[in-house]
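So that the names make sense, note that chain A is the first sequence line, chain B the second, and so on, each numbered from 1. What you are looking at is a predicted structure, and each value in this text was computed from that prediction instead of being measured.
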Amino acid sequence: MRVSQLLIPTLRETPADAEVISHQLMVRAGFIRKAAAGVYNFLPLAWRVVKKIEQIVREEMDRQGGQEIMMPIIQPAELWQESGRWDVYGPELFRLKDRHGRDFCLGPTHEEIITDLVRGEVSSYKQLPLLLYQIQNKYRDERRPRFGLMRGREFIMKDLYSFDRDEQGLDVSYNKMYAAYTNIFSRCGLVFRPVEADSGAIGGNDTHEFMVLAESGEATVVYCPAEPCGYAANSERAISPPDLPAGREEPAPVQEVSTPGSRTVEQVTAALKVGPDRIIKTILYETEKGMAAALVRGDREVNEIKLQKALDVLRLEIAGPEAVTKATGAPVGFAGPVGLKGMTVVVDTEVEAISNAVCGANKNDTHLINVNPGRDFSWHKCTDIRLVRQGFPCPNCSTPMEEARGIEVGQVFKLGTKYSKVLNAVYLDEKGISHPIVMGCYGIGVTRTIAAAIEQNYDQNGIIWPLAIAPFHVIVIPVSNKDELQMETAERIYRTLSEDGVEVLIDDRNERPGVKFKDADLVGYPLRITVGSKTLAEGKVELRHRRSGLVELLREDELTGRVRDIISAC
RNA sequence: CGGGAUGUGGCGCAGUUUGGCUAGCGCGCCUGCCUUGGGAGCAGGAGGCCGGGGGUUCAAGUCCCUCCAUCCCGACCA
């Protein structure tokens, strides 16, 4: 195709409203344009990349026995009410009514729809296992759409659902998808890492997220650097063995001490000359079931995902200053578990093991010392609610762990019978006995993968596409449009490569060479063929590699073979 | 949800404090000349209900009210 006829509106300046590099580059290089916050037009180049990724996804899904289908974007509220998620999903669900006033939503995901489909069509063990997938637009009314394609409100996702007789079958399906995802992201040329993850609102048991490692990632990954170990988890999920004292100290009597102005752990540490590991931090939360208190050691942070699970609540928000004062009788900074009433108390396993601890006294400018869990206060639940950070020991091998940022591009879930039970999707076995179908779901954010690929592949001049997902493989640039020999040569090369199946563009615009070179770098074509008088005099043309900047001087008759070799090597 | 900022040709911005006459600049776009190895030059041009609505005033891009949109930050570790 000809650059003169394609819509590739590149910009010289970085758009003012783009924050992350992938967003800036996709707008500047003419890939996307915004239609509304978190909603984008995909211009020809971007759409080609989408189709490339979709094709890789398709091939790997089909290879594992997946069957492609298409499900509706508009979904009836009844199904969501039946699964219970109409009320649970919250404001992220785009809701709408038809002219009769009936409720619908734009699908953020398709568990309900597909379970409904399958319950109607599958009734025998002979029809299982079944792997169905689609590549479809999804809608989530994000609290804060941002970062271009990374967190949009409309996005393209591949979602596959597996249906099996039992857990063993689910394991097989899960492993197939895990393998497929590894292939997909490898083929896309991405540096990624599968990590253990939290199952979140969708519900379920085992789950892994596929993280593309990048500074701009919104998720934190904690991993063990020790070679054979390989433990890696989303920090929402990560665990680490508790740091427990060797033995219990002799409990001393509780005592009030004056700590004027000492609200933070750091201040209390300084005022009372105790280590933060002796301090019990009491964080108050509001939930739909009332107030809750979370107790962690002074040198730890609360993992709200773990806490949410421990409390079994849907809404968990840290309490505001007024709520804290009302509940404890003291301003923020002096909350403590002793004598705390009217709320659910969850203590971290490390807190339970502290002797003669320090905590807030629920009284302004006052702390308590020599507090002993069990003796001086009780709790409703004692479990791991700590946030695991860099330096915490690995749960497998105790090596200090490290942290990295990641972009979640895929997730594999074992749903089990969560949806099949509530929606009554069952099959009959050989003996005619009815069982709920065992399900799994597996998503890949196609559009987010594009953003992730750019976050990992760019330089100061623009995007550097991995060959497998580049919008075009090669761009041919004649230096001067007025030079007949150059134009003829460029056109001939363009034709030959086209006929050879190479995805090639010719920049036939009547622009000065600098403009064409800048645009080519910005858009990020992996290969550039320059036809100019300098080299043509020796009967050669230039083949330049975008990533390395390496230039090869080749005769025209060597060119096609060389390009084909490079492309087929990917 | 809370806080902050911004909204002026396609893009990036100035002008708003202190109201005043034909609303500017750079880039891009169109025409012509010229030029052709890293975003050239000259000349001529097109393109703007100054986010919407309401108000104050002789007069509003500029002041007031209100709505909308967009971006950023925050949502409290006691």
- Item | Candidate nucleotides B:C77, B:G39, B:G37, ranked by approach to the side chain of A:V302 - the nearest | B:C77
What nitrogen or oxygen pairs link the protein and nucleotides 23-27 of chain B at under 3.5 Å?
| residue | atom | partner | partner atom | Å |
| --- | --- | --- | --- | --- |
| B:G26 | N2 | A:E13 | OE1 | 3.0 |

Interatomic distance where [atom1] belongs to [X] and [atom2] belongs to [N] [whole Å]:
{"X": "A:R33", "N": "B:U70", "atom1": "CZ", "atom2": "C1'", "answer": "16 Å"}
{"X": "A:I8", "N": "B:G39", "atom1": "CD1", "atom2": "P", "answer": "20 Å"}
{"X": "A:E511", "N": "B:C29", "atom1": "CD", "atom2": "C1'", "answer": "11 Å"}

Protein-nucleic acid N or O pairs under 3.5 Å, nucleotides 72-74 of chain B:
| residue | atom | partner | partner atom | Å |
| --- | --- | --- | --- | --- |
| B:C73 | OP2 | A:R144 | NH1 | 3.4 |
| B:C73 | OP2 | A:R144 | NH2 | 2.1 |

- Query: Can you find a donor-acceptor N/O pair under 3.5 angstrom joining the side chain of A:R28 to the base of B:G39?
  - Reply: yes
- Let me know which of A:N137, A:I32, A:I156 forms a side-chain contact (heavy atoms from CB on, under 4.5 Å) with A:T447. A:I156
Assign [X] to base, sugar-phosphate, or nothing according to its heavy-atom contacts below 4.0 angstrom with the strands shown.
{"X": "A:P9", "result": "nothing"}
{"X": "A:L387", "result": "nothing"}
{"X": "A:V265", "result": "sugar-phosphate"}

- Where does the angle between the aromatic ring planes of A:W47 and A:F42 fall among parallel (under 30°), tilted (30 to 60°) and perpendicular (over 60°)? perpendicular
- Step by step, work out the ring pair (Phe, Tyr, Trp, His ring centres under 6.0 Å) result for A:Y40 and A:H23. CA-CA 11 Å; A:Y40 291 88; A:H23 187 197; 5.8 Å; yes
Under 3.5 Å, which N/O atoms of the protein pair with N/O atoms of nucleotides 32-35 of chain B?
| residue | atom | partner | partner atom | Å |
| --- | --- | --- | --- | --- |
| B:U35 | O2' | A:R512 | NH1 | 3.3 |
| B:U35 | O2 | A:R512 | NH1 | 3.1 |
| B:U35 | O4 | A:K482 | NZ | 3.3 |

- Query: Would you say B:A69 has OP1 or OP2 under 4.0 Å from some side-chain N or O of A:K34?
  - Reply: no
